[in-house]
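Heads up: the structure comes next, in structure tokens.
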Amino acid sequence: MEPPPPESEEELRLRARRLAGWTLSDLAGHLGERVPLDLRRAKGWAGEALERALGATSGSQPEPDFPHLGIELKSIPVGHDGLPRESTYVSTVPLIGHAGLRWEGSLVRRKLCRVLFIPVEGARDIPVPLRRIGSPLLWSPIPEEEAVLSRDFEELMEMVCLGEVERISAHYGTYLQIRPKAANARARTAGVGTDGRAIETLPRGFYLRATFTAGLLRRHFLLP
DNA sequence: GCGTGATCATGA
DNA sequence: TCATGATCACGC
């Protein structure tokens, strides 16, 4: 049910390809689990179930899901048109001690360097157990995409380091954006305020815009 | 609280 | 209608 980590990229591709066409009910049965009938209290279930089925070294470590292969796994909820319904979480935003952090040395780059996207039907009118898993896409950013991602990252991190975290909204960034990533709006973590003073602020995460991932899927599949 | 997996719910 | 800001669960 839960295989060891795949030994090669090819093995991972084959495992993912085998899941295409399965429903979430099939996936749960394969893993010996129950499918949640409502995702409101199980938002990460599909993504975590795919990790288990593919042999990702689970856990919440800040590194790609398949560290030995340098591959990050992302399930992506798609509508009836096959296009993403949601943005994609990438990683936590380092809010302190990262002045001068460049794209090249970032966790965001390490994770986005190679990503296995697995589309999953996400239309709300399809009961969760009946939602189907799609064909996987092993993606790496083309130079033009990486250039934009790199610029977004460095511009956003510059704001963070200059003490402008509180001024950052999800409107900033072309492909990459910063949004809250916390249990609730009262959560607090250490950050830098104006004048470089320490502040307590809402934890944030980097996300890929849905319009960006839509572009990826369009490039590789026949989509509107 | 942190970092992971994300989707929900509502205001624009 | 859709993206933003808010929220849910889990292991540690």
Side-chain angles (χ1 to χ4, degrees), chain A residues 2 24 27-28 31 33-67 71-81 83-98 106-108 110-112 115-129 131 133-134 152 156 160 165-191 198-215 224:
Chain A
E2 298 187 31
L24 293 184
L27 181 61
L31 294 168
E33 300 178 20
R34 301 290 296 267
V35 203
L37 299 179
D38 183 343
L39 293 184
R40 278 180 297 185
R41 302 243 167 216
K43 297 181 178 182
W45 184 81
E48 291 171 345
L50 285 169
E51 284 189 345
R52 291 188 283 275
L54 294 173
T57 51
S58 199
S60 55
Q61 303 153 91
E63 58 180 21
D65 297 294
F66 302 93
I71 296 176
E72 173 73 8
L73 173 65
K74 288 292 175 203
S75 72
I76 186 163
V78 296
H80 292 296
D81 54 7
L83 295 174
R85 291 178 43 82
E86 299 285 349
S87 55
T88 301
Y89 170 72
V90 180
S91 75
T92 291
V93 177
L95 294 179
I96 48 168
H98 288 279
S106 70
L107 178 59
V108 176
R110 214 158 74 83
K111 284 189 169 184
L112 296 185
V115 182
L116 182 67
F117 284 105
I118 300 187
V120 177
E121 284 182 322
R124 298 205 196 181
D125 59 357
I126 307 176
V128 176
R131 296 183 186 180
I133 298 167
D152 285 345
L156 290 165
V160 168
V165 213
E166 312 265 43
R167 208 168 68 73
I168 299 178
S169 75
H171 297 282
Y172 291 90
T174 304
Y175 294 162
L176 205 57
Q177 62 181 175
I178 285 182
R179 302 225 305 276
K181 176 63 172 171
N184 56 61
R186 278 87 63 197
R188 285 296 179 269
T189 190
I199 60 167
E200 293 287 300
T201 189
L202 188 60
R204 328 272 166 134
F206 284 109
Y207 294 79
L208 292 176
R209 292 187 182 278
T211 49
F212 174 65
T213 50

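All values reported here derive from a predicted model rather than from experimental measurement. Here is how names work: the chains are called A, B, and so on, in the same order as the sequence lines, proteins then strands, and each is numbered from 1. All values below were derived from every heavy atom in this structure, side-chain atoms included, with hydrogens, water molecules and symmetry-related copies excluded.
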Dump the intermediate steps for side chain to side chain contact (heavy atoms under 4.5 Å, CB included) on A:Arg167 and A:Tyr172, then the final yes or no.
-> CA-CA 10 Å; A:Arg167 208 168 68 73; A:Tyr172 291 90; 3.3 Å; yes

Working for side chain to side chain contact (heavy atoms under 4.5 Å, CB included), residues A:Thr201 and A:Glu166 | CA-CA 8 Å; A:Thr201 189; A:Glu166 312 265 43; 3.0 Å; yes

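The number of heavy-atom neighbours closer than 6.0 Å to CZ of A:Arg188, taken from other residues, nucleotides and ligands shown, is above 12.
As rounded to whole Å, 18 Å separates atom P of C:dT7 from atom OH of A:Tyr89. Atom P of nucleotide B:dC8 and atom CH2 of A:Trp45 are separated by 14 Å, given to the nearest angstrom. Between the C1' atom of C:dC10 and the CD atom of A:Glu33 lies a distance of 13 Å, rounded to the nearest Å. Rounding to whole angstrom units, CD1 of residue A:Ile96 and C1' of B:dG1 are separated by 12 Å. In this structure, CG of A:Leu208 is placed 14 Å from P of B:dT7, rounded to the nearest angstrom. Atom CD of A:Gln61 is separated from atom P of C:dC10 by 19 Å (rounded to the nearest Å). In this structure, A:Leu37 places its CG atom 16 Å from C1' of B:dT7, rounding to the nearest Å. Rounded to whole Å, atom C1' of C:dT1 lies 15 Å from atom NE2 of A:His80.
Summary of the strand contacts: A:Arg41 and A:Leu202 both lie near DNA chain C, and taking for each the nucleotide with the nearest heavy atom, the more 5' one is attributed to A:Leu202. Nearest-nucleotide assignment on DNA chain C puts the 5′-proximal partner with A:His171, out of A:His171 and A:Ala42. With DNA chain B read from its 5' end, the first of the two nearest nucleotides for A:Lys74 and A:Gly122 is the one closest to A:Lys74. Heavy-atom nearest nucleotides on DNA chain B were determined for A:Ser87 and for A:Glu63, and the one closer to the 5' end corresponds to A:Glu63.
Side-chain N/O atoms of A:Arg40 include none lying less than 4.0 angstrom from OP1 or OP2 on C:dA9. Under 4.0 angstrom from either OP1 or OP2 of B:dT4 there lies at least one side-chain N or O belonging to A:Thr92. The side chain of A:Ser91 places no N or O atom within less than 4.0 Å of a non-bridging phosphate oxygen (OP1 or OP2) of B:dT4. The shortest distance between the side-chain N/O atoms of A:Ser75 and the OP1/OP2 oxygens of B:dG5 is not below 4.0 Å. A close approach under 4.0 Å does occur between a side-chain nitrogen or oxygen of A:Arg124 and OP1 or OP2 of B:dC8. Phosphate contact (OP1/OP2 of C:dA3, side-chain N/O of A:Gln177, threshold under 4.0 Å): absent.
Within the nucleic acid shown, A:Arg85 has no heavy atom closer than 4.0 Å to any nucleic acid atom. Using a 4.0 Å heavy-atom distance criterion, A:Leu107 is classed as a sugar-phosphate-only contact. Within 4.0 Å of A:Gly47, counting heavy atoms only, lie sugar-phosphate atoms of the nucleic acid but no base atom. Base contact: A:Arg179 has a heavy atom under 4.0 Å from a base atom. Nucleic acid contact for A:Ala182: base, since at least one base atom lies under 4.0 Å from a heavy atom of the residue. Using a 4.0 Å heavy-atom cutoff across all strands shown, A:Glu72 reaches sugar-phosphate atoms only and no base atom. Nucleic acid contact class of A:Thr88 (heavy atoms, under 4.0 Å, all strands): none.
Under the side chain to side chain contact (heavy atoms under 4.5 Å, CB included) rule, A:Phe206 has a single partner from A:Asp152, A:Leu107, A:Val108, which is A:Val108.
The terminal axes of the helix from B:dG1-C:dC12 to B:dA12-C:dT1, fitted over 5 pairs per end, subtend an angle of 20° to the nearest 10°.
A donor and an acceptor atom sit less than 3.5 Å apart, one in the side chain of A:Tyr207 and one in the base of B:dA6. If you check distances only, the side chain of A:Lys181 does reach the base of B:dG5 with a donor-acceptor pair under 3.5 Å. Donor-acceptor pairing under 3.5 Å, judged by distance alone, is present between the side chain of A:Glu86 and the base of B:dC8.
Among the nucleotides B:dG3, C:dG5, B:dT7, the one closest to any side-chain atom of A:Ser169 is C:dG5. The side chain of A:Lys43 sits closest to C:dT7 out of B:dG3, B:dG1, C:dT7.
Salt bridge present: A:Glu33 and A:Arg52 bring a charged side-chain N and a carboxylate O closer than 4.0 Å.
Taking 4.5 Å as the limit, some side-chain heavy atom of A:Ile178 sits within range of a side-chain heavy atom of A:Val160.
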Check residues 88-95 of chain A and write down every donor-acceptor pair under 3.5 Å in which the side-chain atom is one partner and the other belongs to a residue at least two apart or another chain.
unit_1: A:Tyr89; atom_1: OH; unit_2: A:Thr92; atom_2: N; d: 3.0
unit_1: A:Tyr89; atom_1: OH; unit_2: A:Thr92; atom_2: OG1; d: 3.3

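Remark: side-chain polar atoms of A:Arg124 are not paired, donor with acceptor, to backbone N or O of A:Gly122 under 3.5 angstrom.
Side-chain atoms of A:Arg179 and A:Ser87 include a donor-acceptor pair closer than 3.5 Å.
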